[in-house]
Every structure is written in C-alpha cells, then in structure tokens.
Participant: 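This is the structure, below, for whatever I ask next.
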Amino acid sequence: MGSLTIIAGTVYGNAQHVAEQVEESLAGQGIDCSLESDPSVADFSDADALLIITSTTGQGDVPPNLEFVFSDLKDESPMLTGKPFAVAALGDSSYGDSFCGAGKQFQALLTELQADAVADMLEIDAMETLEPEKDVLEWVNTIKDKLVG
Ligand SMILES: Cc1cc2nc3c(=O)[nH]c(=O)nc-3n(C[C@H](O)[C@H](O)[C@H](O)COP(=O)(O)O)c2cc1C
C-alpha cells in the first residue's frame with residue numbers, strides 16, 4: 001500500500017480543518033498519510049498519491065498558501081504520469097462562475113501533468129453545508145482504495 005500526501009489550501013482554516021480530520025481518520029484506518037500546508041513541487045512529484053483539499057478565494061483563485069507551488073508546478077511541469085489523485089473543493093455557490101475555482105484549477109493542472117484522477121472533483125458548497133468535513137470524509141472513504149490501494 002502506498003502513502004498519501006494530503007495538500008491543504010486554506011485562507012480561514014476551513015479546508016485545513018477538513019484536511020486534519022481526513023488525515024486523522026485515514027491514519028486511524030492504518031493508511032500512511034502526511035498533511036502539507038506549505039508544499040513544494042517535490043511534495044507533489046515524490047508523493048505516491050495526492051489528495052488536494054482546497055478552498056477558493058478572490059474570484060476563483062487559489063489560496064495564498066498554495067499560490068507559489070501552483071505557479072511553480074505550471075512553470076516546471078514535472079510529469080506526474082499515472083500518479084493517483086483526487087481534489088475536494090470547498091467553495092460557495094454564491095460566487096457563481098468562480099464556484100470552486102481553485103479546485104477546478106488543480107484538477108486541470110494535475111490532469112495536464114498526466115496524473116490519474118481517481119474520481120470526479122468533489123464540490124462542497126458553504127451555502128449547503130456547515131459540516132464540510134462530514135461530506136469530505138464520506139467521499140474519501142469511497143475513493144481511498146483507488147488512491148492508496
Ligand atoms: C474573500 C472571499 C472570496 C471567496 N471567493 C470564492 C470564490 O471565488 N469561489 C468560491 O467557490 N468560494 C469563494 N469563497 C468561499 C470560500 O472558498 C469558502 O467559504 C471556504 O469554505 C473557505 O475555506 P477556508 O477557510 O479554508 O479558506 C470566498 C470567500 C471569501 C471570504
């Protein structure tokens with residue numbers, strides 16, 4: 001079984017909290033995982049599998065803590081061929097077209113770098129749930145075998 005690198009993109013801490021809950025739950029199930037909130041390109045290229053949990057800021061923008069690594073990944077284009085990944089996006093549908101924009105940007109970038117999406121991106125709408133960790137945990141449990149199995 002491979003290990004899972006969880007990447008959290010957050011402004012106010014919601015996505016960080018969700019990522020911590022996911023890490024705790026998966027670790028409790030015996031899955032080897034690490035949580036990065038200030039990742040480098042190497043964290044992406046060295047990972048066996050990637051789970052991105054990110055909120056969106058501005059107008060569809062990546063949170064500041066992932067801004068640099070996002071542009072480094074674009075510039076350096078490390079091939080992530082076949083690396084299993086999934087993206088959970090926290091957003092707010094009142095932002096209209098930019099709903100979950102940061103998650104969409106990661107989904108597109110990792111796909112471009114030839115990583116292997118094991119699931120469609122999960123969209124969590126702050127207008128609809130006050131407990132994003134619950135929805136994300138349920139979803140993660142349905143895809144974890146595809147990530148690290
Ligand atoms: C200034 C600001 C801008 C935001 N822009 C967007 C946006 O463009 N699209 C979206 O889906 N959500 C947007 N949101 C909603 C956040 O992504 C959402 O509230 C999320 O749960 C925040 O998680 P965090 O605490 O991890 O940053 C915005 C929130 C704020 C405060």
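As the structure lists them, so they are numbered: ligands from 1, and atoms in each ligand from 1.
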Participant: Out of all atoms in ligand 1, which are within 4.0 Å of some heavy atom of Gln59? Include the element for each.
Facilitator: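 Atoms satisfying the 4.0 Å criterion: 8 (O).
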Participant: I need the minimum non-hydrogen distance between Ala86 and Trp139, along with the two atoms involved.
Facilitator: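 For Ala86 versus Trp139, the nearest heavy atoms are CB-CH2, 3.6 Å.
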Participant: Just need the protein heavy atom nearest to atom 17 (O) of ligand 1, so name the residue and atom and give the distance.
Facilitator: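 Checking every protein heavy atom, the shortest distance to atom 17 (O) of ligand 1 gives Thr56 O, 2.7 Å.
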Participant: What distance separates Leu51 CG from Leu26 CG, expressed to the nearest 0.5 Å?
Facilitator: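 If I round to the nearest 0.5 Å, the distance is 7.5 Å.
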Participant: Would you tell me which option among Tyr12, Phe99, Tyr95 has the nearest heavy-atom contact to atom 4 (C) of ligand 1?
Facilitator: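 Result: the heavy atom closest to atom 4 (C) of ligand 1 is in Tyr95.
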Participant: Pair Gln29, Lys144 - check side chain to side chain contact (heavy atoms under 4.5 Å, CB included), show working.
Facilitator: CA-CA 11 Å; Gln29 298 175 53; Lys144 64 185 182 216; 2.6 Å; yes
Participant: With rounding to the nearest 0.5 Å, note down the distance linking OG in Ser77 to CD in Gln114.
Facilitator: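 Here the interatomic distance stands at 10.5 Å.
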Participant: Determine whether Asp61 and Thr56 satisfy the following criterion, side chain to side chain contact (heavy atoms under 4.5 Å, CB included), listing intermediate values before the conclusion.
Facilitator: CA-CA 6 Å; Asp61 300 330; Thr56 292; 5.6 Å; no
Participant: Which ligand 1 atoms are under 4.0 Å away from a heavy-atom of Ser98?
Facilitator: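 Every atom of ligand 1 under 4.0 Å from some heavy atom of Ser98: 7 (C), 8 (O), 9 (N), 10 (C), 11 (O).
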Participant: Would you mind running through ligand 1 and noting each atom that sits below 4.0 Å from a heavy atom of Gly91?
Facilitator: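 Selected atoms, number and element: 10 (C), 11 (O), 12 (N), 17 (O).
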Participant: What protein heavy atom sits nearest atom 26 (O) of ligand 1, and how far away is it?
Facilitator: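 Going atom by atom, the protein heavy atom closest to atom 26 (O) of ligand 1 ends up being Thr10 OG1, 2.6 Å.
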Participant: Under a 4.0 angstrom heavy-atom cut-off, which atoms of ligand 1 come close to Ser55?
Facilitator: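 Heavy-atom distances to Ser55 below 4.0 Å select 17 (O), 20 (C), 22 (C), 23 (O), 24 (P), 26 (O), 27 (O).
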Participant: Give a yes or no on whether Asp120 atom CG has more than 12 heavy-atom contacts from other residues, nucleotides or ligands under 6.0 Å away.
Facilitator: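 For Asp120, atom CG is not crowded (no more than 12 foreign heavy atoms under 6.0 Å).
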Participant: Could you tell me which atoms of ligand 1, counted from 1 in the order shown, lie closer than 4.0 angstrom to a heavy atom of Leu90?
Facilitator: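 So the atoms of ligand 1 that pass are 17 (O).
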Participant: Considering distance alone, does some N or O of Gly60 sit under 3.5 Å from an N or O of ligand 1?
Facilitator: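 Checking ligand 1 against Gly60, an N or O pair does fall under 3.5 Å apart.
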Participant: Counting heavy atoms only, which of Asp92, Asp125, Thr54 is nearest atom 15 (C) of ligand 1?
Facilitator: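 Going through Asp92, Asp125, Thr54 one by one, Asp92 has the nearest heavy atom to atom 15 (C) of ligand 1.
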Participant: Does atom CG of Asp75 have more than 12 heavy-atom neighbours, drawn from other residues, nucleotides or ligands, at distances under 6.0 Å?
Facilitator: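 Yes, enclosed.
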Participant: What closest approach, in Å, do Glu67 and Val62 show between heavy atoms, and which atom pair accounts for it?
Facilitator: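 The pair with the smallest heavy-atom distance is N-CG1, 4.0 Å.
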Participant: For Val11, take its heavy atoms, then give the atoms of ligand 1 lying under 4.0 Å from any of them.
Facilitator: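 Listed by number with element: 24 (P), 26 (O), 27 (O).
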Participant: Can you confirm whether the side chains of Ser37 and Gln16 place a donor and an acceptor under 3.5 Å from each other?
Facilitator: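 Present: a donor and an acceptor within the cut-off.
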Participant: Are any of the N/O atoms on Asp61, whether in the backbone or the side chain, positioned under 3.5 angstrom from an N/O atom of ligand 1?
Facilitator: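 Among all N and O atoms of Asp61, none is under 3.5 Å from an N or O of ligand 1.
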Participant: Counting heavy atoms only, name the option from Gly13, Gly58, Pro132 that's nearest to atom 5 (N) of ligand 1.
Facilitator: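 Looking at heavy atoms only, Gly58 sits closest to atom 5 (N) of ligand 1.
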Participant: When you look for heavy atoms under 4.0 Å from ligand 1, do you find them on the side chain of Cys100, its backbone, both, or neither?
Facilitator: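 The answer is the backbone of Cys100.
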Participant: Nearest 0.5 Å, what's the CG-CZ distance between Leu109 and Phe85?
Facilitator: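 Between Leu109 CG and Phe85 CZ, I get 9.0 Å after rounding to 0.5 Å.
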Participant: Which heavy atom of the protein is the closest neighbour of atom 25 (O) of ligand 1, given with residue, atom name and distance?
Facilitator: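 Protein heavy atom with the smallest distance to atom 25 (O) of ligand 1: Asn14 N, 2.8 Å.
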